[in-house]
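Here is the structure we will look at.
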Amino acid sequence: RPGSMGVYDDKLIPALTHLTQTVKQHDCRIFMQLHHSGTRTSEETRAVTPSAPSAIRHFRTGVVPRALSLKEIRDLITAYGEAALRAKRSGFDGVEVHGGHGYLICQFLSPRANRRNDEYGGSVRNRARFACDIMKEIKRVAGADYPVSFRVSASEFAEGGTILEETLEQVPFFVEAGADALPHGLGLLRQEASRIVAPHQHAEPVAHDLVEGHGTATTRQHLRLDEEPAELRDAYGRTNFGQGCLLARRLVEHGVRYIEVSLGSWDHHVDLWTKMGTIGSELDKAAAHLITDLNSKGLLKDTLVVIG
């Protein structure tokens with residue numbers, strides 16, 4: 001898509017190197033997220049025919065994609081490895097493979113979108129094979145010690161889609177394939193999951209199940225809590241972001257050691273930036289309160305907190 005960052009060609013390395021050098025001037029680390037839209041490509045550009053695990057109509061756009069051949073799948077696995085190596089050469093400290101929110105890898109993981117009858121479809125393990133082969137290739141090409149984070153939608157909250165029990169079954173495969181961290185979300189991108197999910201009922205159990213079962217598993221949420229005491233919610237601010245910071249606090253207390261607190265969906269980002277002059281101080285207050293709170297409890301030194 002015009003204007004989007006890419007890592008698909010060596011000619012992009014100089015500009016990406018400039019980016020990483022700029023970030024590291026501020027004593028920060030930076031990862032590159034690797035992503036393929038799959039069926040959702042049609043939403044971003046009409047110049048290409050979208051491809052997917054199976055030729056199944058997209059639930060929102062109505063577009064029927066072209067099913068990928070085995071050769072195309074293997075070519076994509078190679079492309080992910082090449083992209084990770086470019087990221088490493090550009091100075092990125094690691095990569096995050098995006099396997100959630102309804103994009104291509106998520107489509108392979110989901111029984112709703114993947115109806116293949118070869119080694120990349122059918123069973124829970126076969127549906128995880130594409131993601132695992134990608135991570136194995138990245139480790140092979142970029143090095144076994146090059147950090148790889150794998151983002152996954154723990155439950156799609158969609159009829160016939162991925163459920164938590166299947167994700168828990170797949171986690172050992174992801175770890176064995178080379179995942180060093182497993183940030184997860186809930187639902188599909190732009191799906192109105194907030195209308196069918198009570199965050200306080202789902203976010204903590206999902207995080208607890210992943211963390212208790214697998215030491216490398218981690219969590220990502222940008223949901224709000226509805227049952228905390230009013231004085232605590234006031235301390236963090238009543239914006240969704242503030243309530244997300246409050247949720248992050250509780251997840252860390254439950255043993256999570258990697259947390260991202262997001263401003264929300266892309267549509268929400270646009271709305272936020274237009275109002276930043278009026279709510280920016282509220283966001284700063286919530287983020288500062290989270291960091292101070294975790295630090296006072298001695299939890300910050302062993303926890304990676306990403307806010308954005």
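Keep in mind that the numbers below use all heavy atoms, side chains included, and drop hydrogens, waters and symmetry copies.
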Review point. Can you name the closest pair of heavy atoms from Val63 and Pro50 and give their distance?
Key: CG1-CG, 3.6 Å
Review point. Should Val23 and Val95 be counted in the same cluster of Ile, Leu, Val, Met, Phe, Trp and Tyr side chains packed under 4.5 Å apart?
Key: yes
Exercise for review: Over all heavy atoms of both residues, which pair between Pro65 and Ser54 is shortest? Give the atoms and the distance, please.
Suggested key: CG-O, 3.5 Å
Exercise for review: Output, in order, the C-alpha distance, side-chain angles, deciding distance and verdict of side-chain hydrogen bond (donor to acceptor under 3.5 Å, both in side chains) for Tyr120 and Asn114.
Suggested key: CA-CA 9 Å; Tyr120 289 99; Asn114 185 349; over 6 Å; no
Practice item. Return the minimal non-hydrogen interatomic distance between Leu182 and Ala179, and the atom names on each side. Key: CD2-CB, 3.8 Å
**Study point:** Arg125/Glu166 ion pair, N-O < 4.0 Å
**Key:** no
Review point. Transitively linked via ILVMFWY side-chain contacts under 4.5 Å: Ile56 with Ile73?
Key: no
Check your understanding: So does Asn117 have more than 12 non-hydrogen atoms from other groups sitting under 6.0 Å from CG?
Key -> no
Check your understanding: Of the non-hydrogen atoms in His26 and Thr22, which two are nearest, and what is the gap between them?
Key -> CD2-O, 3.3 Å
Exercise for review: Would you give the length of the straight line joining atom CD1 of Ile163 to atom OG of Ser153, rounded to the nearest 0.5 angstrom?
Suggested key: 14.0 Å
Check your understanding: Between atom OG of Ser296 and atom CD1 of Ile291, what is the distance when rounded to the nearest 0.5 Å?
Key -> 11.0 Å
Exercise for review: Indicate yes or no for a side-chain donor-acceptor contact from Glu96 to the backbone of Met32 under 3.5 Å, with no hydrogens or angles considered.
Suggested key: no
Point to revise | side-chain hydrogen bond (donor to acceptor under 3.5 Å, both in side chains) between Ser51 and Glu72, worked out | key: CA-CA 10 Å; Ser51 55; Glu72 288 175 316; over 6 Å; no
Check your understanding: Going only through I, L, V, M, F, W and Y residues with side-chain contacts under 4.5 Å, is there a path from Leu70 to Ile134?
Key -> yes
Practice item. Start with the C-alpha gap between Thr167 and Glu165, add the side-chain angles, then the distance that decides, and say whether side-chain contact (heavy atoms from CB on, under 4.5 Å) holds. Key: CA-CA 5 Å; Thr167 300; Glu165 289 73 16; over 6 Å; no
Review point. Same hydrophobic cluster for Ile13 and Tyr8, using side-chain heavy-atom links shorter than 4.5 Å among ILVMFWY?
Key: no
Point to revise | side-chain contact (heavy atoms from CB on, under 4.5 Å) evaluation trace for Asp10 with Arg86 | key: CA-CA 7 Å; Asp10 286 352; Arg86 291 188 192 100; 2.8 Å; yes
Exercise for review: Determine yes or no for a side-chain-to-main-chain donor-acceptor pair under 3.5 angstrom, with His36 supplying the side chain and Gly38 the backbone.
Suggested key: yes
Exercise for review: Spell out, as yes or no, whether a donor-acceptor pair under 3.5 Å connects the side chain of Arg116 to the backbone of Pro53.
Suggested key: yes
Review point. Of the options Lys136, Glu137, Met135, which is the one that meets Ile77 in a side chain to side chain contact (heavy atoms under 4.5 Å, CB included)?
Key: Glu137
Review point. Which heavy atom of Ile30 sits nearest a heavy atom of Gly91, and at what distance?
Key: CG2-O, 4.5 Å
Exercise for review: Could you tell me whether the side chain of Leu109 reaches within less than 4.5 Å of the side chain of Gln170, counting heavy atoms only?
Suggested key: yes
Review point. In this structure, which one of Phe150, Phe173, Phe108 forms a ring-ring contact (aromatic ring centres under 6.0 Å, His included) with Phe130?
Key: Phe108
Exercise for review: Report the C-alpha separation of Leu76 and Leu104 in whole Å, then their side-chain angles, then the decisive distance to 0.1 Å, and conclude whether the side-chain contact (heavy atoms from CB on, under 4.5 Å) test is met.
Suggested key: CA-CA 11 Å; Leu76 281 171; Leu104 181 63; 3.9 Å; yes
Exercise for review: Answer yes if Met5 and Leu34 sit in the same cluster of Ile, Leu, Val, Met, Phe, Trp and Tyr residues linked by side chain heavy atoms under 4.5 Å apart, and no otherwise.
Suggested key: yes
Review point. What distance separates Leu19 CG from Lys24 NZ, expressed to the nearest 0.5 Å?
Key: 10.0 Å
Exercise for review: Taking the side chain as every heavy atom from C-beta outward, state whether Val175 and Pro172 have any atom pair closer than 4.5 Å.
Suggested key: no
**Study point:** Between CG on residue Asp75 and CG on residue Leu68, distance to nearest 0.5 Å
**Key:** 10.0 Å
Review point. Which of these, Arg127, Arg74, Arg129, sits in a salt bridge (charged side-chain N to carboxylate O under 4.0 Å, His left out) with Glu119?
Key: Arg74
Exercise for review: Give a yes or no on whether Glu176 atom CD has more than 12 heavy-atom contacts from other residues, nucleotides or ligands under 6.0 Å away.
Suggested key: no
Exercise for review: With rounding to the nearest 0.5 Å, note down the distance linking CD in Gln25 to OG1 in Thr20.
Suggested key: 10.0 Å
Check your understanding: Under 3.5 Å, is there a donor-acceptor pair between the side chain of Ser90 and the main chain of Leu16?
Key -> no
Review point. Between the side chains of Tyr146 and Asp93, is a donor N or O closer than 3.5 angstrom to an acceptor N or O?
Key: no
**Study point:** Nearest atoms (heavy-atom pairs only) where Thr39 meets Ala52
**Key:** OG1-CB, 3.1 Å
Check your understanding: Is the gap between the ring centers of Tyr103 and His35 under 6.0 Å?
Key -> yes
